[in-house]
2 protein chains.
Amino acid sequence: MTSRCEMTGWVRSSMGDGVRVLVVDDEPQLLRALRINLAARGFQVSTASTGASALAAAAKTNPQVVVLDLGLPDIDGITVLQGLRGWTNVPVIVLSARGESVDKVAALDAGADDYVTKPFGMEEFLARLRAAVRRGAAVSDTPGSAVVDAGGFVVDLTAKQVTRSGEPVHLTPTEWGILELLVRNEGKLVSQRDILGAVWGPSYLNQSNYLRVYLASLRRKLEDDPGHPVHLLTEAGMGYRFVRG
Amino acid sequence: MTSRCEMTGWVRSSMGDGVRVLVVDDEPQLLRALRINLAARGFQVSTASTGASALAAAAKTNPQVVVLDLGLPDIDGITVLQGLRGWTNVPVIVLSARGESVDKVAALDAGADDYVTKPFGMEEFLARLRAAVRRGAAVSDTPGSAVVDAGGFVVDLTAKQVTRSGEPVHLTPTEWGILELLVRNEGKLVSQRDILGAVWGPSYLNQSNYLRVYLASLRRKLEDDPGHPVHLLTEAGMGYRFVRG
DNA sequence: CGAATTCTTGACGACTTCTTGACGGGCGCA
DNA sequence: TGCGCCCGTCAAGAAGTCGTCAAGAATTCG
């Protein structure tokens with residue numbers, strides 16, 4: 001609907017598409033509607049329908065913004081909010097049924113950033129969401145961000161996530177293990193034994209064929225021309241090296 | 001990583017087998033299962049079943065990674081974690097019964113690196129354990145790279161990389177072994193026997209023709225005029241010497 | 001419990017690296 | 001001057017390493 005903002009609007013390569021948003025609600029229909037709408041606008045959505053799973057999901061995906069319904073089956077939404085605030089200051093948008101102004105005060109008091117009453121219009125909601133992301137980005141970009149931009153792809157070491165031209169790339173645990181080690185030692189040559197010991201354990205130090213298989217897999221997923229890698233380099237007989245574009 | 005890489009440098013044989021891991025749990029069965037599984041993968045396991053003994057064991061064995069159950073009989077697991085964090089930043093993986101999400105958040109807030117909910121699959125657990133070891137290894141290895149500028153080329157001893165007028169130069173393992181040894185003994189004369197023993201092993205002490213071949217190769221790659229070397233010098237009958245420009 | 005993902009394993013060709021022998025030049029010494 | 005020694009150079013075969021593929025086993029997830 002004629003919204004002027006989205007499309008290329010606020011999308012910046014630095015911040016990227018794929019802003020991670022966690023949606024917590026116990027109504028399947030609303031959950032589905034939000035997931036579809038947000039995904040269509042380039043957000044990377046994860047969801048939870050209980051307070052417990054919400055906290056777990058937050059710790060796991062480290063979202064950049066959280067949408068939290070106060071009416072959850074197991075734990076009070078306010079409690080969930082407090083649980084989050086004990087650990088992160090990610091922006092939280094609270095949803096609640098209309099008129100519950102007592103809830104509203106309590107939520108904002110507990111550290112919510114914004115408050116939306118159901119039912120709500122999608123445009124308004126998206127606007128508030130974007131505002132929350134903007135605010136969050138302003139404060140959270142503090143320490144040496146654990147995000148490495150390789151040129152062709154971006155590795156977020158804390159979120160354990162890789163994006164390529166905005167699109168998230170799915171890596172298996174082993175693939176991520178190798179990539180993480182190489183990226184954390186950017187520019188340095190990492191010997192095969194080091195990788196095998198760190199990823200597979202101390203008793204796999206000679207299984208160099210594993211590395212061949214997984215490096216090939218990583219290159220297929222991350223390199224523009226997997227046959228002639230630019231970032232994931234092999235030094236024959238010595239090891240592997242990650243370099244930025 | 002954590003490689004000391006002394007003179008003989010990148011010798012192929014032994015590296016950190018037996019990563020030291022401390023497992024803290026009060027369930028004898030789980031403790032036993034973990035000990036067996038971890039030992040089978042080459043880890044060097046020590047265990048504790050109370051918070052007090054855990055702190056003592058940590059101080060004694062100085063583990064490279066700690067697995068900590070939150071439900072201990074004497075001290076709260078969080079307290080143990082804080083006790084550890086008081087003097088070390090060893091990676092800690094927290095175990096907890098499922099659903100105790102508040103505990104998880106509190107644990108992560110107190111400095112845990114990861115958490116696993118019980119019951120858990122051994123594969124997943126091992127993957128997280130290796131990831132923790134990996135992170136610990138990556139950060140502990142950050143003393144600024146030792147770089148030697150020869151004038152015509154630059155040798156980065158930690159990254160194992162040589163650049164010439166900005167462009168990286170590719171060296172074979174043997175070439176690097178010789179160059180590293182010479183550069184680490186900058187200005188000193190290194191006898192042929194020393195080089196042969198360090199790079200090829202004690203049973204190649206008389207294969208001086210190897211050195212001729214590889215020194216020629218190094219000069220071709222690094223010297224401006226390979227026929228009249230300036231940095232990689234020969235002392236007839238004695239050995240070789242590296243000097244800066 | 002079944003389906004899907006992920007991991008392991010072996011084999012092959014292409015490529016890189018190592019080894020080996022031969023040849024010639026510079027230098028000191030008889 | 002002639003000889004021997006040591007070194008630099010070259011090239012070709014041997015040996016080892018890497019990328020790739022595919023299929024079976026193991027594990028996770030719904």
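When atom types are taken as modelled, the side chain of A:R20 and the backbone of A:P63 share no donor-acceptor pair closer than 3.5 angstrom. In terms of modelled atom types and a separation under 3.5 Å, the side chain of B:R219 and the main chain of B:L232 share a donor-acceptor contact. For the pair A:R164 (side chain) and A:E223 (backbone), a donor-acceptor distance under 3.5 Å is present. Side chain of A:K221 to backbone of A:H170: a donor-acceptor contact under 3.5 angstrom is found.
Within the structure, no pair that satisfies the side-chain hydrogen bond (donor to acceptor under 3.5 Å, both in side chains) test touches residues 200-209 of chain B, not counting sequence neighbours.
A:Q161 and A:P168 make their closest contact through NE2-CB, 4.1 Å (heavy atoms, listed as atom of the first residue, atom of the second, distance).
Note on the helix from C:dC1-D:dG30 to C:dA30-D:dT1: angle between the axes of the first and last five pairs equals 40°, rounded to 10 degrees.
Across C:dC7, D:dC7, C:dT17, the shortest atom-to-atom separation from the side chain of B:A236 is found for D:dC7. Side-chain proximity of B:W200 to the nucleotides C:dT19, C:dT17, C:dT6 is greatest for C:dT19. Out of D:dG19, D:dG8, C:dT6, the shortest distance to the side chain of A:T234 is found at D:dG19.
Remark: B:D26 CG to B:L31 CG distance equals 9.0 Å, nearest 0.5 Å. To the nearest 0.5 Å, atoms CG (B:L222) and CG (B:L171) are separated by 6.0 Å. Distance check: A:D25 CG to A:R32 CZ gives 14.5 Å after rounding to the nearest 0.5 Å. Distance check: A:L68 CG to A:I93 CD1 gives 10.5 Å after rounding to the nearest 0.5 Å.
A search for salt bridge (Lys or Arg N to Asp or Glu O under 4.0 Å) contacts involving B:R244 returns B:E186, not counting sequence neighbours.
In this structure, B:M122 places its CE atom where more than 12 heavy-atom neighbours from other residues, nucleotides or ligands lie under 6.0 Å away.
Taking the six-membered ring where tryptophan is involved, the planes of B:F153 and B:F242 are tilted, since the angle between them lies from 30° to 60°.
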Distances for protein N or O near nucleotides 9-12 of chain C N or O, under 3.5 Å:
{"residue": "C:dT9", "atom": "OP2", "partner": "A:Y210", "partner atom": "OH", "Å": "2.3"}

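The CG atom of A:N206 sits 17 Å away from the C1' atom of D:dC18 (whole-angstrom rounding). Note: CG (A:L232) to P (D:dT20) measures 12 Å, nearest angstrom. Rounded to whole Å, the distance from OH on A:Y240 to C1' on D:dC18 is 7 Å. The separation between A:L211 atom CG and D:dG19 atom P is 10 Å, rounded to whole Å. Nucleotide D:dC6 holds its P atom 14 Å from the CZ atom of B:R193, rounded to whole Å. B:E235 has its CD atom 15 Å from the P atom of C:dC27, to the nearest Å. In this structure, B:E175 atom CD and C:dT16 atom P are separated by 13 Å, rounded to whole Å.
Within a heavy-atom distance below 4.0 Å of DNA chain C, the residues of residues 214-228 of chain A found are A:Y214.
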- Task: Encode nucleotides 25-30 of chain D as B, S and - characters from 5' to 3', where the letter depends on protein heavy atoms closer than 4.0 Å: B to the base, S only to sugar-phosphate, - to neither.
- Result: --SS--

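Residue A:T174 is in sugar-phosphate contact alone, with no base atom involved, counting any heavy-atom pair closer than 4.0 Å across all strands shown. A:Q192 comes within contact range of the sugar-phosphate backbone alone, with a heavy-atom separation under 4.0 Å but no base atom that close.
Phosphate contact (OP1/OP2 of C:dT16, side-chain N/O of B:H170, threshold under 4.0 Å): absent.
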